[in-house]
Amino acid sequence: AQTVTQSQPEMSVQEAETVTLSCTYDTSESDYYLFWYKQPPSRQMILVIRQEAYKQQNATENRFSVNFQKAAKSFSLKISDSQLGDAAMYFCAYSAGTYKYIFGTGTRLKVLA
Amino acid sequence: GAGVSQSPSNKVTEKGKDVELRCDPISGHTALYWYRQRLGQGLEFLIYFQGNSAPDKSGLPSDRFSAERTGESVSTLTIQRTQQEDSAVYLCASSLGGGQGGTEAFFGQGTRLTVV
């Protein structure tokens, strides 16, 4: 069965610094997708970044980038130049075909001024 | 509407009463999900609808919980004989599904349920 694990319940980062959130997953599929979602205090879930497993190139969206290690089944999120507005819960997620999304337990990110 | 709509946004109910939560997905989205999120916690999968397939109910915590979906439209999550431990935010999401596993899941703003 597919699983997604986020081992860091909480992380802190100084404003303008860089932070990396970890995510590992388990699957027997070869074609799948990985996501990072952000949930601010407003509780509205927002897609941050998406990675297709068949692409070797790491996805990047402005200050957000991933380090996708397919063999290691690792998918970490790097946030550069952290801003106060980045403070939120971050969820890693997996999806393949018609299978349902699998979410990790989340990492709460605090940004210190 | 443009996004996933959930109603009510907040619901306070007395222990033992039944509640019904509603989710209007984005038009054309065949996949629909319900999640429960306790305060400060992660997303707990409840149920997944994909087109005309039998729903995946593996996450429903007890037989007090049930959900229905009419075609590819509205879904309702019903909790019977509510208990205090049912207090949580209930999130609904929809996606294109249909084998397009890479499509984004769009979330509603959730229903905050408080059982007193």
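- Cluster membership for A:Leu34 and A:Ile49, using ILVMFWY side-chain heavy atoms within less than 4.5 angstrom, is shared.
- Between the side chain of A:Tyr33 and the backbone N or O of B:Glu104, no donor-acceptor pair lies under 3.5 Å.
- Contact count against chain B (heavy-atom pairs under 4.5 Å) is highest for A:Leu47 among A:Thr105, A:Leu47, A:Thr107.
- With values rounded to the nearest 0.5 angstrom, B:Gln37 atom CD is found 9.0 Å from A:Arg43 atom CZ.
- Between B:Tyr48 and A:Tyr101, the ring center distance fails the sub-6.0 Å criterion.
- B:Tyr35 touches chain A through its side chain: at least one heavy atom from C-beta onward sits under 4.5 Å away, while N, CA, C and O do not.
- Atom CG of A:Leu84 sits in a crowded spot, with more than 12 heavy atoms from other residues, nucleotides or ligands closer than 6.0 Å.
- If you chain together hydrophobic residues whose side chains sit under 4.5 Å apart, B:Val19 and B:Leu60 fall into the same group.
- Interface residue A:Gln39: only side-chain heavy atoms are found under 4.5 Å from chain B.
- Within 6.0 Å of CD on B:Glu85 lie more than 12 heavy atoms contributed by other residues, nucleotides or ligands.
- Atom CZ of residue A:Arg108 and atom CD of residue B:Gln41 lie 8.5 Å apart, to the nearest 0.5 angstrom.
- Transitive grouping of hydrophobic side chains (ILVMFWY, heavy atoms separated by less than 4.5 Å) keeps B:Leu91 and B:Leu77 in distinct clusters.
- With hydrogens and angles ignored, the 3.5 Å screen pairs a side-chain donor or acceptor of A:Gln44 with a backbone N or O of B:Phe107.
- With ring centers used as reference points, B:Phe45 lies 6.0 Å or more from A:Phe103.
- For CD of A:Glu10, the number of neighbouring non-hydrogen atoms (other residues, nucleotides, ligands) closer than 6.0 Å is greater than 12.
- Enclosure of atom CD in B:Gln83 by more than 12 non-hydrogen atoms of other residues, nucleotides or ligands within 6.0 angstrom is indicated.
- When the candidates B:Gly42, B:Gly110, B:Ala105 are compared by the number of heavy-atom contacts under 4.5 Å with chain A, B:Ala105 comes out ahead.
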